[in-house]
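This is a predicted model, so every value here is computed, not measured. Lettering follows sequence order; numbering is per chain, from 1.
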Amino acid sequence: MDADSDVALDILITNVVCVFRTRCHLNLRKIALEGANVIYKRDVGKVLMKLRKPRITATIWSSGKVICTGATSEEEAKFGARRLARSLQKLGFQVIFTDFKVVNVLAVCNMPFEIRLPEFTKKNRPHASYEPELHPAVCYRMKTLRATLQIFSTGSITVTGPNVKAVATAVEQIYPFVFESRK
Amino acid sequence: GDRVIDVGSEWRTFSNDKATKDPSRVGDTQNPLLSDGDLSTMIGKGTGAASFDEFGNSKYQNRRTMSSSDRAMLNAFKEITNMADRINLPRNIVDRTNNLFKQVYEQKSLKGRSNDAIASACLYIACRQEGVPRTFKEICAVSRISKKEIGRCFKLILKALETSVDLITTGDFMSRFCSNLGLPKQVQMAATHIARKAVELDLVPGRSPISVAAAAIYMASQASAEKRTQKEIGDIAGVADVTIRQSYRLIYPRAPDLFPADFKFDTPVDKLPQL
């Protein structure tokens with residue numbers, strides 16, 4: 001097989017989702033009234049706070065759990081989460097920044113060739129599932145890495161995984177299979 | 001001598017005699033394969049005048065709750081039969097669907113999902129497995145469940161039963177769509193050939209096989225005496241007419257190569273509509 005093991009492909013991380021806890025009860029109403037750039041969703045019981053500097057949207061619950069989305073790297077996610085905790089601290093809550101964890105990473109990768117999806121599906125039977133009526137991409141699940149790849153016929157691949165390393169490994173692992181079914 | 005229990009029938013039944021009423025049968029013939037063991041008794045509707053009380057209601061109303069453990073399953077079987085009836089599916093597909101449903105139901109991994117959704121998805125899988133797939137939209141048409149939900153249940157069932165299904169091809173739908181449109185065999189064969197060639201030459205990457213089939217039917221019908229509009233084809237196939245237009249634009253440039261060699265053109269290839 002003439003597929004390289006060292007893949008010089010650009011993997012663009014588009015989204016990193018992380019969670020952390022503030023270890024204290026948060027008064028959502030107070031945050032909604034006094035915080036900057038907040039949206040209060042009273043019916044569901046959460047506050048959305050959008051940060052500009054790392055472009056991040058955080059969903060804050062009154063229990064103190066916070067989910068941060070929109071970061072483009074793991075470090076940025078941590079910066080944004082800390083900045084968010086700081087802004088909550090400034091509002092007067094006794095915030096302790098604990099249990100920071102990156103939950104999901106979404107990355108996009110472009111193959112330099114187009115891919116034949118029916119052929120690819122047949123060769124990778126249990127892992128790949130293709131339903132053209134439902135979605136135009138093949139959904140390839142890697143159980144070991146807990147990563148899911150969506151492979152389109154144009155050659156672009158969307159990967160979601162628990163961290164950046166898993167995503168990179170997933171792309172490396174899928175490359176030879178995808179290379180087999182190229183046009 | 002010792003007591004011997006004769007397990008044969010109590011009355012002699014002659015083959016011609018009273019074909020409907022067989023006195024040696026007790027209980028229904030219902031398949032014990034699918035239900036849990038149908039040994040319960042039901043109170044029937046009542047025939048004579050004595051079974052009705054003063055107000056015209058029937059005495060002994062309750063058909064005692066039978067096999068309550070699988071009441072939901074029996075309900076689902078009834079629903080499956082109704083759905084299959086609407087699109088005239090043969091008995092073997094219905095049986096396969098029932099079997100699939102039973103397996104899924106016993107596994108309990110999809111317990112939270114609506115039974116109707118699971119039944120519709122089982123019907124879809126059964127059609128696929130029998131080699132005569134129906135599109136999701138066709139199953140949608142006979143079910144109250146949305147396409148999204150059927151699709152979700154479909155994926156869950158495949159995971160739960162650890163099976164997979166073959167990919168759909170354009171040829172699977174040709175005979176059904178063409179006969180619904182009233183197209184002659186020649187046009188159907190031409191459309192099948194066009195679609196197959198288009199997929200082989202990979203002119204339509206990323207397009208659903210249904211859309212490609214619809215575009216092929218459009219091209220074949222426009223080249224023959226039996227022309228059909230995009231709207232009509234879109235109606236039968238469940239595809240939007242813009243989608244047919246898109247796929248048609250992709251196969252139009254290679255039109256002369258796609259037609260079978262022995263096709264009689266009513267409208268020559270260069271006069272085919274260009275959209």
Nearest 0.5 angstrom please: [X] [atom1] to [Y] [atom2], how far?
X	Y	atom1	atom2	value
B:Tyr248	B:Ile233	OH	CD1	10.0 Å
B:Gln107	B:Leu161	CD	CG	6.0 Å
B:Ile145	B:Asp116	CD1	CG	5.0 Å
B:Ile157	B:Ile125	CD1	CD1	4.5 Å

Select all residues of residues 178-187 of chain B having any heavy atom within less than 4.5 Å of some heavy atom of chain A, and report them by number, or 'none'.
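Under the 4.5 Å heavy-atom cut-off, nothing qualifies.
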For residues 228-250 of chain B, which residue pairs pass the salt bridge (charged side-chain N to carboxylate O under 4.0 Å, His left out) check, not counting sequence neighbours?
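Checked against salt bridge (charged side-chain N to carboxylate O under 4.0 Å, His left out) - neighbours excluded - the pairs reaching residues 228-250 of chain B are B:Glu226-B:Arg228, B:Asp241-B:Arg245.
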Can you confirm whether more than 12 heavy atoms, excluding those of B:Lys108, are under 6.0 Å from its NZ atom?
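Yes, because the 6.0 Å sphere around NZ of B:Lys108 holds more than 12 heavy atoms from other groups.
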Just wondering, more than 12 heavy atoms not from A:Phe100 lying within 6.0 Å of its CZ?
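Enclosed.
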Is B:Ser143 reaching over with its side chain to a backbone N or O of B:Cys140, donor-acceptor style, under 3.5 angstrom?
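Between the backbone of B:Cys140 and the side chain of B:Ser143 there is no qualifying donor-acceptor contact (under 3.5 Å).
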Can you pull out the donor-acceptor contacts between chain B and chain A, under 3.5 Å, including backbone atoms?
residue, atom, partner, partner atom, Å
B:Tyr124, OH, A:Glu133, OE2, 3.1
B:Arg128, NH2, A:Glu131, OE1, 2.7
B:Arg128, NH2, A:Glu131, OE2, 2.5
B:Phe136, N, A:Glu133, OE1, 2.8
B:Lys147, NZ, A:Glu133, O, 3.1
B:Asp202, OD2, A:Arg116, NH1, 3.4
B:Asp202, OD2, A:Lys183, NZ, 2.7

Could you check whether any side-chain heavy atom of B:Leu201 comes within less than 4.5 Å of a side-chain heavy atom of B:Leu258, counting everything from C-beta outward?
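Counting from C-beta outward, B:Leu201 and B:Leu258 do come under 4.5 Å.
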With sequence neighbours excluded, what pairs up with B:Ala126 under the side-chain contact (heavy atoms from CB on, under 4.5 Å) test?
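For B:Ala126, the residues satisfying side-chain contact (heavy atoms from CB on, under 4.5 Å) (neighbours in sequence not counted) are B:Ile93, B:Arg96, B:Thr97, B:Leu100.
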For B:Leu158, is it the side chain, the backbone, both, or neither that has a heavy atom closer than 4.5 Å to a heavy atom of chain A?
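No part of B:Leu158 comes within 4.5 Å of chain A.
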